[in-house]
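In what follows, a single structure is set out as structure tokens and then discussed.
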Amino acid sequence: MEKYDAIVIGAGVIGTSVAFHLARLGCPRVLVLDRTLIGAGTTSQSSGILRTHYSVIENVRLAQASWAVFNDFANYLGDGEASAGMVKCGYMIAAPEGPKLAPLAEALKAQQAQGIEVRLLGRSEATSLLPIARFDDAALIGYEPEAGFADAYLVATSFARAARHLGVKIMEGVEVEELLLADGKVSGVRTSQGVFHSDTVISTQNIWAKDIERWTGIPTPVVPERHSVLALEGPQAYTFKMPVYKDLGSPGMLYCRSYGGTQMLVSEGIVGETLPEPDNEQGDISMDYMVDIGEQVAQRFPSFDEAGVASSWTGVYDVTPDWNPVLGRLPDVPGLVVGYGFSGHGFKLSPAVGLVLAQCALGLPTEVDITPYALERFREGHLLTGKYGLGAVS
Ligand SMILES: Cc1cc2nc3c(=O)[nH]c(=O)nc-3n(C[C@H](O)[C@H](O)[C@H](O)COP(=O)(O)OP(=O)(O)OC[C@H]3O[C@@H](n4cnc5c(N)ncnc54)[C@H](O)[C@@H]3O)c2cc1C
């Protein structure tokens, strides 16, 4: 029986970030447990897009604090060799006349009010940045030059490595089977490799967060939802210099980015396929789906009309009713802190979320106010629903 100051369940990009921050804040004995391998959950399936654009202002704050970390990653981790694999190509988001226009204008203004560099582009300026796309229907185009994409798996393994440097113990291939309570308070976990004691447990289990409900009886409003990502091989280069593009005018609210060379990574930003059980194994991608996405892409990128599918994969989102995470303590179980429900946009928030969950676990004031992300919001009706409708823009 081993005793720790904090135990983190899950070694995805959120759990490894929490572990690193716990150690950096001076928590001496931290244990991370993962049933599989570091980053092998949904983190390895991420498209990796980093932006601060959100229509929910709380998310803007978390994304902004996270961006500062991504931008100075090696220094922040104290590991000169660490890399987030960042490509700072900018993020462009456009809407035609219609229901997405007012929310876009409002969200861009809110970002600027937060001190984030965001510019409004004319159609010709947009064309010069992303010459392979057409903008003739765009009524409003926002551009965040400091945004881009990075590598979520690399970030998770870098957080893990930096955490280990600070003395954190990470055990892979260990499944947590039960949360142990004594007098109603957290006292540890029972696992496939025995019992580990701690008064503080942080669950970052993503689509497997329903375990919390099984262990504590507290409702965990999270649904596993499968999404597909395609890498299309086009005739024209989508270079690393060209911005990520969010197409609010397409039926699937597509996001597109360079995948190197003449390849484009593309996926939808709307509701996906609900799974009966959490499972991040690869699912089928139907030919109809590929044709549908191909047609939407060709509408925006005419030369991709002839594009072929170079590769494809599925990934699973941990979706909550308002498509935003649950962060913080569960007051009915003292000692338990949770971070789940990232609904397809948790990578870009992972540095700040790791910091605030670590601060919360240690009873410190949090860098960014996480009260709005409390589980109680679902009972009290204070949802954090984004203004673009359900989908991972939030
Ligand atoms: C297709 C796709 C595209 C995405 N694109 C983007 C994007 O462009 N930008 C963005 O910001 N976000 C994106 N996301 C979301 C982002 O990748 C996730 O929010 C983030 O990676 C989740 O990290 P996590 O640590 O919460 O979960 P995970 O990486 O899933 O980690 C959870 C871990 O917990 C472990 N675990 C669970 N239960 C137990 C247990 N009982 N015992 C032991 N271990 C356990 C699992 O093994 C797993 O390793 C995308 C997600 C997907 C699927």
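All ligand and atom numbering here is 1-based and tracks the order in the structure. Model, not experiment: these values are computed from the prediction.
- The protein heavy atom nearest to atom 14 (N) of ligand 1 is Gly344 O, 3.3 Å.
- The two residues Pro96 and Leu101 come nearest to each other via the heavy atoms O-CB, 3.9 Å.
- Taking distance alone, with nitrogen or oxygen atoms compared against 3.5 Å, Ala11 stays at or beyond that limit from ligand 1.
- Taking the six-membered ring where the residue is Trp, the centroids of His227 and Tyr317 are separated by under 6.0 Å.
- Close approach of ligand 1 to Val229 is summarised as follows: ligand atoms under 4.0 Å from at least one heavy atom of the residue are 1 (C).
- What sits closest to atom 51 (C) of ligand 1 on the protein, heavy atoms only, is Tyr317 CE1, 3.7 Å.
- Of the protein's non-hydrogen atoms, the one nearest atom 44 (N) of ligand 1 is Arg35 N, 3.0 Å.
- The single protein non-hydrogen atom nearest to atom 22 (C) of ligand 1 is Asn206 ND2, 3.3 Å, given as residue, atom name and distance.
- A chain of hydrophobic side-chain contacts below 4.5 Å, direct or via other Ile, Leu, Val, Met, Phe, Trp or Tyr residues, connects Val18 to Tyr373.
- Side chains of Ser258 and Gln263: a donor-acceptor N/O pair is absent below 3.5 angstrom, by distance only.
- Residue Gly315 approaches ligand 1 through these ligand atoms, each under 4.0 Å from one of its heavy atoms: 1 (C), 53 (C).
- The two residues Glu178 and Trp215 come nearest to each other via the heavy atoms CA-NE1, 3.5 Å.
- Looking at Ser47, Ser203, Gly15, it is Ser47 that brings a heavy atom closest to atom 4 (C) of ligand 1.
- Protein heavy atom nearest atom 10 (C) of ligand 1, with residue, atom name and distance: Lys348 NZ, 3.1 Å.
- For Ala40, the closest heavy-atom approach to ligand 1 does not fall below 4.0 Å.
- Taking a 4.0 Å cut-off on heavy atoms, Thr191 fails to register as neighbouring ligand 1.
- In this structure, Val326 is not a member of the same hydrophobic cluster as Val13, with clusters built from ILVMFWY side-chain heavy atoms closer than 4.5 Å.
- Counted by atom type alone, Gln193 and Thr191 present zero donor-acceptor pairs between their side chains at under 3.5 Å.
- For ligand 1, the atoms sitting less than 4.0 Å from at least one non-hydrogen atom of Val174 are 43 (C), numbered in the order shown with element in parentheses.
- Exactly one of Tyr76, Phe70, Phe20 qualifies for a ring pair (Phe, Tyr, Trp, His ring centres under 6.0 Å) with Phe159. That residue is Phe20.
- When all heavy atoms are compared, the tightest approach of Asp279 to Ile207 is N-CD1, 3.6 Å.
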Going through the distances and angles, do Asn71 and Glu146 end up as a side chain to side chain contact (heavy atoms under 4.5 Å, CB included)?
-> CA-CA 9 Å; Asn71 211 16; Glu146 288 289 300; 4.0 Å; yes

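- Every atom of ligand 1 with a heavy atom of Gly12 under 4.0 Å away is listed here by number and element: 25 (O), 29 (O), 31 (O).
- Interface atoms of ligand 1 facing Gly10, defined by a heavy-atom separation under 4.0 Å, are 33 (C), 34 (O), 35 (C).
- The protein non-hydrogen atom at the shortest distance from atom 6 (C) of ligand 1 is Ser46 OG, 3.3 Å.
- Annotation: atom 2 (C) of ligand 1 to nearest protein heavy atom, Gln45 O, 3.4 Å.
- Considering all non-hydrogen atoms of both residues, Val168 and Ala23 come closest at CG2-CB, 3.6 Å.
- For an aromatic pair to be called close, the ring centres must be under 6.0 Å apart, and Tyr153 with Phe347 fails this.
- Atoms of ligand 1 lying under 4.0 Å from at least one heavy atom of Val13, given by number and element, are 20 (C), 21 (O), 23 (O), 25 (O).
- With ligand atoms numbered from 1 in the order given, ligand 1 contributes 22 (C), 27 (O), 28 (P), 29 (O), 30 (O) to contacts under 4.0 Å with heavy atoms of Thr42.
- Taking only non-hydrogen atoms, the option from Asp34, Val176, Ile14 nearest to atom 41 (N) of ligand 1 is Val176.
- Nearest heavy atoms, Ile285 versus Met290: O-CE, 3.8 Å.
- Nearest protein heavy-atom neighbour of atom 8 (O) of ligand 1: Ile49 N, 2.8 Å.
- Side-chain atoms of Gln111 and His53 include a donor-acceptor pair closer than 3.5 Å.
- Which parts of ligand 1 touch Val316 is read off a 4.0 Å heavy-atom cut-off, strictly below it: atoms 53 (C).
- The shortest separation from a heavy atom of Gly48 to ligand 1 is under 4.0 Å, placing the residue in contact.
- Only backbone heavy atoms of Thr204 (N, CA, C or O) come within less than 4.0 Å of ligand 1; its side chain stays farther off.
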